[in-house]
Amino acid sequence: MIRAIKGTRDLLPPDTAVWNRVEAVAREVFRTYSYHEIRTPILEETQLFARGVGKETDIVSKEMYTFDDRDGTSVTLRPEATASVIRAYIEHRLDQKPGVQKLYYIGPMFRRERPQKGRYRQFFQIGAEAIGSDSPFIDAEVIEMVVEILTRAGLEGFTLLINSVGDANCRPAYVEKLRSALRSVASRLCEDCQRRVETNPLRVLDCKVPEDQIVIDQLPSILDNLCGVCLPHFETVQAHLRERGIPFEIKSRLVRGLDYYMRTTFEVVHGNLGAQNSVLGGGRYDGLAESLGSSVPAPGIGFSIGEDRLVMTVGQSTGDVPDIFLAPLGETALLHAGGLARDLRRRGVSVEVAANAKLKRAMELANKLGARYALILGDDEIAAGQYSLKNMQSGDQRRVTRDELFSTIGS
RNA sequence: GCGGCUGUAGCUCAGCUGGUAGUAGCGCCAGAUUGUGGUUCUGGAUGUCGAGGGUUCGAAUCCCUCCAGCCGCCCCA
C-alpha cells in the first residue's frame, strides 16, 4: 500500500470543516484590518532562505527540503513565508504603492524535522506581514489582530508573550555581556547550554531544564540593555496594548529562532499542545528587505499561526450535513428528483439524492448523514404536485407543494 | 539527528508462558413480505497479525533489521 510520506498527512472530512472555519475567520479578520492576500510559490531559490532566515539557523542548516533543479539551480520547498513575501515585495516594487503594505497568506510550509504531536514536515501557516512602517503602533495593531483571530477561531486559555530583542545597535553588545556572564556560571548549566554559551548565547535563555532556571534567572536581561531607540519603541507597544485591553506577559527570555527578528517579538502559547506549546510566533524584521537586496528600507513586522496546532486546539467538528435528502421511488421519480435537486441547490440548499430507490435504505442513509429533512417522491406525490416532507428530528411528515417546500427549506 | 513506547479487521482492541486469527464492541453491507430512519433481531464482507529475515516440527506470539505512528530531547508554527 502506498501511504502518505512521513510527517505529511491527509486532512479528511469532517476535520476539513474545522480548517475551513478557521481560515474563514482569519480571512474575515484580515479584511477588517485591510490586509490583502498574497500567494507566493512553494518552491524558491535556496539562497532566499539562506540569506533571509539565516544560514546558521536550524531551519536552514538542517531542516530544509533542498534539491537541484534540472538546470542545476538549488531550489527549496519553503520552510516559512516571510522571506518569500519580502522577495515579492522587492521584485514587484510594492514600496511604490501607497501606504503600508499589509499582506496575508495561508498555505503549506515544509521542514524536515522529526514528526511529533503538533509538528509535521508539511504544516500549514496562516500569517501576515505589514511592510513599510517602523511605528510601534503597527506592532500593537498586528498583535491585536492576531489575538482577534485566535479568539474568534475559538481558542481559549492562551497566553500572549512579548519581548524586545533589540536591534543591530544594542543586541551585539548584550550578547557579549550575556556570554561573559554565562562563562562564569557555565559549569552549573546543562550540557546543551554549555555548548550554547559559545554558539548562540541567546538560546540559553530558552532552556527548559528545571535545574538551570535559577542560574538563568540571574543572567542580565535584554530589557535592561536596550538602546535609546529600542526601549521607547517597546514601551510604546506596551502602552498601545494596554490601551486596547490586550492582556500580555513580558518574557524577557523569549528568543526567536530566525535571524531576521529585531525589536518586538511575540508568541502565543497554549497548554494543550504538549511540547509544541507555541501556536504562533512573530516579530519585527526591519533589516530583512535590505539583506535580501532591497535598495530602499522596508521595515516590517509579521507573524505566523501554526494552523495545525490551532485546529488541534479548537476541537472537533461534526461536519456539514445535508439540509434535505431526496428519496425518489422509481426511475420516473428519480428523473424528477434530479431537476428538483438542482432548483433547491440554486437556492443555496444542500441536497443529497438517493440514487438507489429503496425507501427504507434511503431513510436510513438520510438518518446516518444527519439530514434535516427527507423528501419522499413517489409517483402519486408527483402526480398530485405534492411531496412528502419529513422532519428527521421530530419525525413529523406532511404533504407540501413545491412552493411550500422552497419556503420551508429555503430559509 | 538522539532517546522511550507502540504496530492484530474501516475504528477501538482481545489473543497468558510459541500450536496455526476473534461469537468482542462500534462501523459498513444485506435481510426481518408491499413506500419510511433513529431501537431490536438475523446474516455477511474485510486481515499476506506493519515489512523482511532468523530460531523452531510449528510464530501474531521469541530474536534481528527496516518502516511507520505516538511521546520526549532538539528546534519551532
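In what follows, chains carry the letters A, B, and so on, assigned in the order in which the sequence lines appear, proteins first and then strands, with residues in each chain numbered from 1.
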> How far does the C1' atom of rU8(B) sit from the matching atom of rU61(B), given to the nearest Å?
Replying inline: 11 Å
>> Do the side chains of Arg27(A) and Glu37(A) get close enough for a salt bridge, i.e. N-O under 4.0 angstrom?
In response: yes
> Do the charged groups of Arg21(A) and Glu23(A) touch, with an N to O distance under 4.0 Å?
Replying inline: no
>> Strictly by Watson-Crick or wobble contacts shorter than 3.5 Å, is anything paired with rG31(B), and which nucleotide is it?
In response: rC41(B)
> For the pair made of CE in Met363(A) and P in rG37(B), what is the distance, rounded to whole Å?
Replying inline: 7 Å
> Is the closest side-chain donor-acceptor distance between Thr82(A) and Glu129(A) under 3.5 Å?
Replying inline: yes
> How is Ile305(A) classified with respect to the nucleic acid when contacts are heavy atoms under 4.0 Å: base, sugar-phosphate, or nothing?
Replying inline: nothing
> How close or far is atom P of rA68(B) from atom NZ of Lys117(A), stated in whole angstroms?
Replying inline: 21 Å
> What is the base-pairing partner of rA68(B), counting Watson-Crick and G-U wobble geometry with both distances under 3.5 Å?
Replying inline: rU6(B)
> Of the nucleotides rG1(B), rU36(B), rC76(B), which one has an atom closest to the side chain of Arg114(A)?
Replying inline: rG1(B)
> Taking the same atom, C1', in rG1(B) and in rA14(B), what whole-Å distance lies between them?
Replying inline: 38 Å
> Taking atom types as they are modelled, is there a donor-acceptor pair under 3.5 Å from the base of rC74(B) to the side chain of Arg119(A)?
Replying inline: yes
> Counting only Watson-Crick or G-U wobble pairs whose two distances fall under 3.5 Å, which nucleotide matches rA59(B)?
Replying inline: none
>> Suppose you measure atom C1' in rU20(B) against the same atom in rU48(B); what distance do you get, rounded to whole Å?
In response: 15 Å
>> Using only modelled atom types and a 3.5 angstrom limit, is any donor from either the side chain of Arg111(A) or the base of rA77(B) paired with an acceptor on the other?
In response: yes
> Which base sits across from rC73(B) as a Watson-Crick or G-U pair, both distances under 3.5 Å?
Replying inline: rG1(B)
> Given atom CG of Asp308(A) and atom P of rC70(B), what is their separation to the nearest angstrom?
Replying inline: 12 Å
> Could you state the CE-C1' distance from Met312(A) to rC71(B), rounded to the nearest angstrom?
Replying inline: 13 Å
>> Using a distance-only criterion (donor-acceptor N/O pair, under 3.5 Å, no hydrogens), is the base of rU36(B) paired with the side chain of Lys390(A)?
In response: yes
> Looking for any heavy atom pair under 4.0 Å, which part of the strands does Arg9(A) touch: base, sugar-phosphate only, or nothing?
Replying inline: nothing
> Looking just at side-chain N and O atoms, do Thr66(A) and Thr76(A) make a donor-acceptor pair shorter than 3.5 Å?
Replying inline: yes
>> Does anything in residues 120-127 of chain A come within less than 4.0 Å of RNA chain B? Heavy atoms only, and list the residues if so.
In response: Tyr120(A), Phe123(A), Gln125(A)
> What is the distance, rounded to the nearest whole Å, between atom CE of Met64(A) and atom C1' of rA77(B)?
Replying inline: 17 Å
>> Taking rG18(B) as the reference, what is the distance to rA32(B) when you measure between their P atoms (whole Å, please)?
In response: 49 Å
> Nearest to the side chain of Lys360(A) - rC76(B), rU36(B), rG72(B)?
Replying inline: rU36(B)
> Hey, are Arg263(A) and Asp134(A) close enough for a salt bridge, meaning a charged N less than 4.0 Å from a carboxylate O?
Replying inline: no
> NA contact type, Gly282(A), heavy-atom cut-off 4.0 Å: base, sugar-phosphate, or nothing?
Replying inline: nothing
> When rounded to the nearest Å, what value does the distance between P atoms of rC62(B) and rA30(B) take?
Replying inline: 41 Å
> Say you pick atom C1' in rU39(B) and the same atom in rG47(B); how far apart are they, in whole Å?
Replying inline: 31 Å
>> Looking only at the side chain of Gln116(A) (C-beta and beyond, no hydrogens), which of the listed nucleotides rG37(B), rC71(B), rG1(B) gets closest?
In response: rC71(B)
>> I'd like to know if Arg244(A) pairs up with Glu144(A) as an ion pair, taking the criterion as any Lys NZ or Arg NE/NH1/NH2 lying under 4.0 Å from an Asp or Glu carboxylate oxygen.
In response: yes
With 3.5 Å as the limit, what N/O pairs link the protein to nucleotides 27-30 of chain B?
unit_1  : atom_1 : unit_2    : atom_2 : d
rC29(B) : OP1    : Arg361(A) : NH2    : 2.3
rC29(B) : OP2    : Lys368(A) : NZ     : 3.3
rA30(B) : OP2    : Arg361(A) : NE     : 3.4

>> Under 4.0 Å between a side-chain nitrogen and a carboxylate oxygen: does that hold for Arg114(A) and Glu63(A)?
In response: no
> Is the shortest distance from a Lys or Arg side-chain nitrogen in Arg402(A) or Asp343(A) to a carboxylate oxygen in the other one below 4.0 Å?
Replying inline: yes
>> Output the rounded distance in Å from CG (Leu205(A)) to P (rC74(B)).
In response: 14 Å
> To the nearest angstrom, how far is Leu150(A) atom CG from rA77(B) atom C1'?
Replying inline: 12 Å
> Nearest of rG72(B), rG37(B), rA77(B) to any side-chain atom of Glu113(A)?
Replying inline: rA77(B)
>> Does Met392(A) reach a base, just sugar-phosphate, or nothing at all? Heavy atoms under 4.0 Å.
In response: base
> At what distance, to the nearest 0.5 angstrom, does OG1 of Thr265(A) lie from CG of Asn163(A)?
Replying inline: 4.5 Å
> Quantified in whole Å, what is the P atom distance between nucleotide rG22(B) and nucleotide rC16(B)?
Replying inline: 13 Å
> Hey, does the side chain of Lys6(A) come within less than 4.0 Å of rA68(B)'s phosphate (OP1/OP2), counting only N and O?
Replying inline: yes
>> By nearest heavy atom, map Ser304(A) and Ile5(A) onto RNA chain B; which one lands nearer the 5' end?
In response: Ile5(A)
> In whole angstrom, what separates Asp58(A)'s CG from rC76(B)'s P?
Replying inline: 6 Å
> Is the Tyr35(A)-Tyr104(A) ring centre distance short of 6.0 angstrom?
Replying inline: no
> If you measure from the P atom in rU55(B) to the same atom in rG7(B), how many Å do you get, rounded?
Replying inline: 25 Å
> If you measure from CG on Leu280(A) to CD1 on Ile126(A), what distance do you get to the nearest 0.5 Å?
Replying inline: 10.0 Å
> Going by distance alone, is a donor N or O of one side chain under 3.5 Å from an acceptor N or O of the other, for His233(A) and Asp139(A)?
Replying inline: yes
> Nearest to the side chain of Gln397(A) - rU36(B), rG69(B), rC75(B)?
Replying inline: rU36(B)
